[in-house]
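Notes follow once the structure below has been shown.
The figures that follow rest on heavy atoms only: side chains count, while hydrogens, waters and symmetry mates do not.
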Amino acid sequence: MINEQHVSKSDETEILKMFTIEPGMNMSSPEVQRAAIQTLEGGGLIYLPKGGFELSERERELISDTANILTRVPDVENGKPTIIFDPKNGHIKKYHFAQIHGKMVRAQIKDAAYRDLEVIMARYGQWTENIITQLFPSYRQALDRKRVTYRPFARNSTQALHIDSSYGYPTQGKSMLRVFTNINPVGRLRVWQLGEPFEPFVQRFLPGVHVKGPSWFSKLLAQLGIVDGVKTKYDQYIAALRALGMRDKEYQSSAPRQLMEFPAGASWIAITDLVLHGAISGQHSLDQTFYLPVEAMNDPARSPLRILERLTGEALT
C-alpha cells in the first residue's frame, strides 16, 4: 500500500528531473542533445509524449486480443511472462521463463504469430537505435544493443520501487539505458511510480549488503553460455540493493515518489539501474535495453558504478 502523503503527481513538484521532447523538436540540435544527456546522466527521465513508433492497423488488431498471439493466457496480475527478442539473431527467445505463483511459466506464442511479432520487435529495436543516435551521438560507438522486451499481459498490481539488476544478463558495470513505448492498441495508459535519487537510496540500504566474489557455479554458468557473462561485484551490489529495497515494506509505503501516466504512443528513456521505478498498471509495451559503458558517458562520476564505488570504497569491476 502506498502512503499518499508521499506521492507527488507528475504536474506538481518533481522528485526527479524530466525533459519533455515535444513533437517537432529537432532531436539532433545541440540544445536538445545537451538537455537530454544532462537529464539522463543525472538520473532523470526523457519523455516523448508522441514518440513516433507506430503499429500498422493489422499489427494493432493482432495484439488487441492476446488469444491471437498466445496459445494460452495465464491468470496473472504482474504483467508477466514477457516476450524477449534477441537482435543479434533476429528471433524471439523460445524458452524465456518467469516465476508466477511458484511455477516457471513462459509466453507460449502461436506459430502463426511468431513472424509478425518478430517483425514488430525488430523494427522497434531499429527505431530506438535511431532515437538514441540522434539524442546521444557521443554514445553511438560504445553502446551495446541488447534485448527487446514485449509485455503483452496486463499489470493490475503495483510493482515495488526498484532499480534494475541484470539477472542472467550481467552488465559488469555498464549502465542499463532503456527506451520504453506504450503500444496499447485501445489507448490504455501505462502508469509508473518514480522514486528518490539513486544515492540516498543506496545510502539507506548499503549497510545491509554483503557480497563476495563470483562463485564457481556462476562462472560455470557463464562458461556454458547459460548466463551472459560472470557477475561482477557491481552486479551483486545492484541485485542486493534491489532486493532489500523491494522487501522493505516501510520503505515501499513511505518513500517519496512521483506518479507518471504514459498514454498510448508515448515513449520514455532512462538509465534504469540509476532511476528508481515501478510499474502500476498497463498492458502492451515494448522496451529496448542498451548497455552503456561508463567511459562513454559525458560525466562518468554520475554513473551508478562510480557512485557505488565511491560509497563502498571498493573497485567493483
Carefully, step by step, assess Phe205 and Tyr251 under the rule ring pair (Phe, Tyr, Trp, His ring centres under 6.0 Å).
CA-CA 10 Å; Phe205 291 105; Tyr251 179 76; 5.2 Å; yes
Give the intermediate values and the outcome of side-chain hydrogen bond (donor to acceptor under 3.5 Å, both in side chains) for residues Arg151 and Thr82.
CA-CA 5 Å; Arg151 305 173 193 277; Thr82 59; 5.3 Å; no
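- At most 12 non-hydrogen atoms from other residues, nucleotides or ligands lie less than 6.0 angstrom from CD of Glu61.
- The environment of Arg310 atom CZ is dense: over 12 non-hydrogen atoms of other residues, nucleotides or ligands sit within 6.0 angstrom.
- At a threshold of 4.5 Å between non-hydrogen side-chain atoms, the residues His277 and Leu194 count as touching.
- Between Gln33 and Ser138 the shortest side-chain heavy-atom distance does not fall below 4.5 Å.
- By the neighbour-count criterion of 12 heavy atoms within 6.0 Å, atom NZ of Lys50 is sparsely surrounded, having that number or fewer from other residues, nucleotides or ligands.
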Would you sort out whether Tyr150 and Phe85 count as a ring pair (Phe, Tyr, Trp, His ring centres under 6.0 Å), showing the intermediate values?
CA-CA 8 Å; Tyr150 171 41; Phe85 175 82; over 10 Å; no
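- The main-chain N or O of Gly245 is found under 3.5 Å from a side-chain atom of Gln252 such that the two form a donor-acceptor pair.
- Nearest approach of Val32 to Asn26, heavy atoms of both residues: CG2-O, 3.4 Å.
- What you find for Trp127 and Thr181 is that their closest heavy atoms are CZ3-OG1, 3.8 Å.
- By the neighbour-count criterion of 12 heavy atoms within 6.0 Å, atom CG of Asp111 is sparsely surrounded, having that number or fewer from other residues, nucleotides or ligands.
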